[in-house]
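Following: one structure in structure tokens, then a few remarks.
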There are 2 protein chains.
Amino acid sequence: MLTIGQLAAYAGVTVRAVRHYHQIGLLPEPERDASGYRSYGAQAAVLLIKIRTLAEAGVPLGRIAWMLDADEPAFAEAIEGIDAHLRAEIDRLEGSRKQVAQLSAGNSLVLPPQVVAYIDRLREIGVSERMLAGERDGWILVSARWPDKVVEWIPDKFAQLEDPRVVRLYQVLSALTETEGTDDPLVMEAVDLLVELACIRDRSSTTPRTSRTRCRTRCSTILPTPSTTGPSGCAT
Amino acid sequence: MLTIGQLAAYAGVTVRAVRHYHQIGLLPEPERDASGYRSYGAQAAVLLIKIRTLAEAGVPLGRIAWMLDADEPAFAEAIEGIDAHLRAEIDRLEGSRKQVAQLSAGNSLVLPPQVVAYIDRLREIGVSERMLAGERDGWILVSARWPDKVVEWIPDKFAQLEDPRVVRLYQVLSALTETEGTDDPLVMEAVDLLVELACIRDRSSTTPRTSRTRCRTRCSTILPTPSTTGPSGCAT
DNA sequence: GCTTGACCCTGACGCAGCGTCAAGCCTCGA
DNA sequence: TCGAGGCTTGACGCTGCGTCAGGGTCAAGC
């Protein structure tokens, strides 16, 4: 006969675990010897190893108890379920490995790939990292609120970049975020471009250059949320 | 700005988890709006997704906190550790799948393969399942107490089976466990064989047949633990 | 204006599966 | 015979949230 320590060592579990199994009724309490020590036979070892095997496979102890007094077909079915669960878990961990690798690669995993592609496109155009960060933050907020809309919008955003004036606007705004001064001639150019693009949208896309002063007053009302420049506004 | 529900949904975690991360200081508490609701920005989403990614990889939250304010090389090293851990975990689960499959195959996984081979050999010889069960139980107890000795003993046990009288003894005892009666002629044969084999061991292996009566008295003292028949005694 | 349902808030307890003391008795090898 | 190590019960601790209680808030429809 075996003591609890011998049993536990043989089954590859801790003494504490065995006692826990007793407590919850998973493993029946054995006879005690004269001094009150638990005294185990071979059946207990067989049972305990079964329990350990299932527990290591992630089966909750309650379910193990259920399995142990289930009939043969039910047991086999349970085993099938456990195997499926193990396979799923392995797949999940494989996925997790990839995610974690992305994380260390500096990729933030935070945006859908289409948006990432769009931001990469902006980077190619020459947009500053500061402004890109703003873009990204804006897209995150937008994606969080309208997850499925974003995928629809991105093609339009790509299309806008076909217009060289939009590209130029991004470049100018980008340059502005890099420099400290505000009375730069770039500011004028930016305003011009904004006005022009805003007016196009307003008047159904067919209005040539308007006088600077007239449009500036109109555009000042538009500036707070210039939807042409992306979700984050101007990222100032 | 996002509410806690929007943030949680975007990051793929529960609201409760986000609050928990606040509680333990893993995610900083954001500003509140007029009504006391938490109001999150994009940075929080980035951070939360980082946290979720690591948490799903099995990294304890305390360690995640540590990682989040570690420098670049330390972070990279931690990621390497996490990946190693994930690989190990995947391997463990693969192993677990095999073990569980064994379990459903009826294999009890409880004995070292050498012992299993020995018991299979006994089965070939024609030993009854009842007696095999006894053998197995005995070996389990022995293996539990002297795990490394067992591997040494098994070759001897195999060698004993070379002797046709030992084989016959097993068969006879086996037949006895199957039948109910005790005054069977098989009993006499079993005793004869036991006596003979026991005497051989006693007198250094060179004593011919002794008279039945003389040996029987001697053997009766040996019967309780006849070491020739395996660890479980006679498995009565 | 009022209701309704979906959110949000804090605070607290609960859960698995043991680890880890504490404080005392038992066993075994030297 | 003695000291180290093993056994006993009992109890609290840990992680990572789930879940309930008992409220306030917001947006929409009637």
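All values below come from the heavy atoms of this structure, side chains included, with hydrogens, waters and symmetry mates left out. We name chains A, B, ... by the order of the sequence lines, and we start the count at 1 in each one. A quick note: this is a predicted structure, and the numbers were derived from the prediction, not measured.
In this structure, NE2 of B:His22 is placed 14 Å from P of D:dC17, rounded to the nearest angstrom. Atom CZ in B:Arg38 sits roughly 18 Å away from atom P in D:dG24 (whole-Å rounding). In this structure, CD1 of A:Ile24 is placed 10 Å from C1' of C:dC18, rounded to the nearest angstrom. The distance between atom CG of B:Leu2 and atom C1' of C:dC7, rounded to the nearest whole Å, is 14 Å. We find that CG of B:Leu27 is positioned 15 Å from C1' of D:dC17, with the value rounded to whole Å. Taking atom CD of residue A:Gln6 and atom P of nucleotide C:dC26, one finds them 19 Å apart after rounding to whole Å. In this structure, A:Leu7 atom CG and D:dG6 atom P are separated by 15 Å, rounded to whole Å. What separates CD of B:Gln23 from C1' of D:dG16 is a distance of 11 Å, to the nearest Å.
In this model, the phosphate group of D:dC7 is approached by a side-chain N or O of A:Thr3 to a distance below 4.0 Å at OP1 or OP2. Between B:Tyr21 and D:dG16, a side-chain N or O to OP1/OP2 separation shorter than 4.0 Å is absent.
For the pair A:Leu61 and A:His20, the minimum side-chain heavy-atom distance is below 4.5 Å. Between A:Tyr10 and B:Pro147, the closest side-chain pair of non-hydrogen atoms is not below 4.5 Å. A heavy-atom distance below 4.5 Å is not found between the side chains of A:Ile140 and A:Val115. Side-chain contact between B:Trp146 and B:Val151 is absent, with no heavy atoms from C-beta onward closer than 4.5 Å. Residues A:Tyr21 and A:Glu29 fail the side-chain proximity criterion, which asks for heavy atoms closer than 4.5 Å. Two residues are said to be in side-chain contact when any heavy atoms from C-beta on lie closer than 4.5 Å; B:Ile49 and B:Thr53 meet this criterion. Using a 4.5 Å cut-off on side-chain heavy atoms (C-beta onward), B:Glu77 and B:Met67 make no contact.
In this structure, A:Arg38 does not pair ionically with A:Glu31, as no charged nitrogen and carboxylate oxygen lie closer than 4.0 Å. Using a cut-off of 4.0 Å between Lys/Arg side-chain N and Asp/Glu carboxylate O, A:Arg92 and B:Glu56 are scored as not salt-bridged. With respect to the salt-bridge test (charged N to carboxylate O, under 4.0 angstrom), the residues A:Arg87 and A:Glu80 qualify.
At a non-hydrogen distance threshold of 4.0 Å, B:Pro60, B:Leu61 from residues 55-65 of chain B come into contact with DNA chain D. Of all the residues in residues 11-20 of chain B, B:Arg16, B:Arg19 reach under 4.0 Å from DNA chain C with at least one non-hydrogen atom. Residues from residues 80-95 of chain A lying near DNA chain C, meaning a heavy-atom separation below 4.0 Å, are absent.
Judged as a ring-ring contact (aromatic ring centres under 6.0 Å, His included), not a single pair has a partner in residues 82-105 of chain A (not counting sequence neighbours).
Taking the six-membered ring where the residue is Trp, A:Tyr40 and A:His22 present parallel rings, their angle staying beneath 30° rather than reaching 60°.
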Would you list the protein and nucleotides 25-27 of chain D atom pairs, both N or O, that sit under 3.5 Å from each other?
residue: D:dT25; atom: O4'; partner: B:Tyr37; partner atom: OH; Å: 2.9
residue: D:dC26; atom: OP1; partner: B:Ser35; partner atom: OG; Å: 3.4

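Both cation-pi conditions hold for A:Arg63 and A:Trp66: the charged atom is under 6.0 angstrom from the six-membered ring centre and inside a 45 degree cone around its axis.
In this structure, D:dC30 forms a base pair with C:dG1, meeting either the Watson-Crick or the G-U wobble geometry with both donor-acceptor distances under 3.5 Å.
By the side-chain contact (heavy atoms from CB on, under 4.5 Å) test, B:Arg121 is found to be paired with B:Glu124, B:Ile125, B:Phe158, B:Leu161, residues two or more places apart in sequence or in another chain being considered.
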